[in-house]
Amino acid sequence: MTTQLARKLALAGYFGLILWVGLWHGLISPHPELGAGFMLMLWLPWLFIPMPGMVRGNPYTHAWAIFLIMPYFLHALTLLWVDEGERWLALVELLLACTMFIGNIYYAKFRGRELGLSIRKKKGQN
């Protein structure tokens with residue numbers, strides 16, 4: 001995997017997740033009791049937090065954005081297990097979250113190395 005491929009995966013998963021969460025909770029299957037507006041206010045804002053750094057390609061932002069993906073990952077896994085009616089919706093969310101996760105990990109790693117951002121000590125240093 002290259003730095004560019006990792007970045008493309010990270011951004012595809014990221015923007016795909018934003019689009020998918022909006023479509024899912026707003027149009028495709030809004031919650032019958034809580035309403036689409038509430039669900040969008042609950043699920044979407046967190047995805048916009050890392051946007052400036054993700055767009056600029058900041059490896060640090062890609063690294064910590066991984067933590068913001070976890071609720072979407074867990075949400076998808078839970079629905080895959082318990083909700084037969086929304087399994088395919090959850091599967092798409094899971095695939096996008098995994099794509100973003102893998103892309104972010106590798107982009108942060110490769111781009112960090114390119115920029116010399118390492119926490120490891122080089123040989124010969126104490």
Side-chain angles (χ1 to χ4, degrees):
M1 182 174 297
T2 65
T3 306
Q4 290 304 326
L5 176 59
R7 179 156 165 73
K8 287 177 185 175
L9 282 174
L11 292 177
Y14 176 63
F15 289 114
L17 197 57
I18 290 173
L19 180 65
W20 184 249
V21 167
L23 285 173
W24 179 359
H25 296 295
L27 297 173
I28 297 172
S29 181
H31 197 280
E33 295 166 13
L34 299 176
F38 177 77
M39 292 303 286
L40 290 174
M41 286 186 345
L42 180 70
W43 285 104
L44 269 181
W46 309 108
L47 290 173
F48 291 111
I49 293 171
M51 188 176 279
M54 293 280 290
V55 171
R56 282 193 308 261
N58 184 343
Y60 181 73
T61 303
H62 281 267
W64 65 257
I66 291 167
F67 295 109
L68 294 177
I69 303 168
M70 290 302 110
Y72 302 92
F73 183 78
L74 294 172
H75 176 253
L77 285 176
T78 303
L79 286 181
L80 279 171
W81 187 263
V82 300
D83 192 351
E84 215 171 284
E86 293 195 343
R87 277 203 180 124
W88 74 274
L89 299 168
L91 184 61
V92 173
E93 182 181 37
L94 181 64
L95 291 173
L96 290 169
C98 287
T99 302
M100 183 179 169
F101 182 81
I102 291 167
N104 278 356
I105 286 173
Y106 281 105
Y107 181 75
K109 176 182 178 178
F110 294 149
R111 187 66 182 140
R113 281 185 187 167
E114 290 171 3
L115 295 173
L117 305 173
S118 177
I119 59 172
R120 293 183 184 172
K121 293 182 180 179
K122 294 182 181 178
K123 291 182 181 179
Q125 286 184 342
N126 289 328

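As the structure is a prediction and not an experimental result, all values here were calculated from the model. Count residues from 1 along the sequence.
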Rounded at 0.5 Å granularity, tell me how far CG in Leu80 sits from NE2 in His75.
10.0 Å
To the nearest 0.5 Å, what is the distance between CG (Leu11) and OG1 (Thr99)?
12.0 Å
Indicate if Leu42 and Phe48 have the same hydrophobic cluster label, given that clusters are the connected sets of ILVMFWY residues with side-chain heavy-atom separations under 4.5 angstrom.
yes
For Pro59 and Arg111, work out which heavy atoms get closest and say how close.
CG-CG, 4.0 Å
So how far is it from Leu17 CG to Cys98 SG, rounded to the nearest 0.5 Å?
10.5 Å
Hey, does the side chain of Arg7 reach the backbone of Met54 with a donor-acceptor pair shorter than 3.5 angstrom?
yes
Flag yes if Trp43 and Val92 sit in one hydrophobic cluster, no otherwise; membership is Ile, Leu, Val, Met, Phe, Trp, Tyr, and two members link when side-chain heavy atoms are under 4.5 Å apart.
yes
Under 4.5 Å between side-chain heavy atoms, hopping through other hydrophobics if needed: is there a path connecting Leu68 to Trp24?
yes
Spacing of Arg87 atom CZ and Trp81 atom CH2 [to the nearest 0.5 Å]:
9.0 Å
Exercise: identify the closest heavy-atom pair between Pro50 and Thr61:
O-CG2, 3.5 Å
Glu114 atom CD, over 12 foreign heavy atoms within 6.0 Å
yes
Which atom of Gly57 lies closest to which atom of Tyr107, heavy atoms considered
O-OH, 2.7 Å
Might you point out which heavy atoms bring Asn104 and Ala65 nearest each other, and give the distance in Å?
ND2-CB, 3.8 Å
Checking Tyr14 side chain against Leu47 main chain: does a donor-acceptor pair fall under 3.5 Å?
yes
Can a donor-acceptor pair be found, under 3.5 Å and without considering hydrogens, that links the side chain of Trp20 to the backbone of Leu89?
yes
With hydrophobic residues grouped by side-chain heavy-atom distances under 4.5 Å, do Val21 and Leu77 end up in a single group?
no
Any heavy-atom pair between the side chains of Trp64 and Ile49 that's under 4.5 Å?
yes
Treating Ile, Leu, Val, Met, Phe, Trp and Tyr as nodes and any side-chain heavy-atom pair under 4.5 angstrom as an edge, say whether Tyr72 and Leu74 lie in one connected cluster.
no
Considering all heavy atoms of both residues, which atom of Phe110 and which atom of Met1 are nearest to each other, and what is their separation?
CE1-O, 3.2 Å
Can you confirm whether Phe15 sits close enough to Met100 that some side-chain heavy atom of one is under 4.5 Å from a side-chain heavy atom of the other?
no
Nearest heavy-atom approach of Ile18 to Leu44 is O-CD2, 3.7 Å
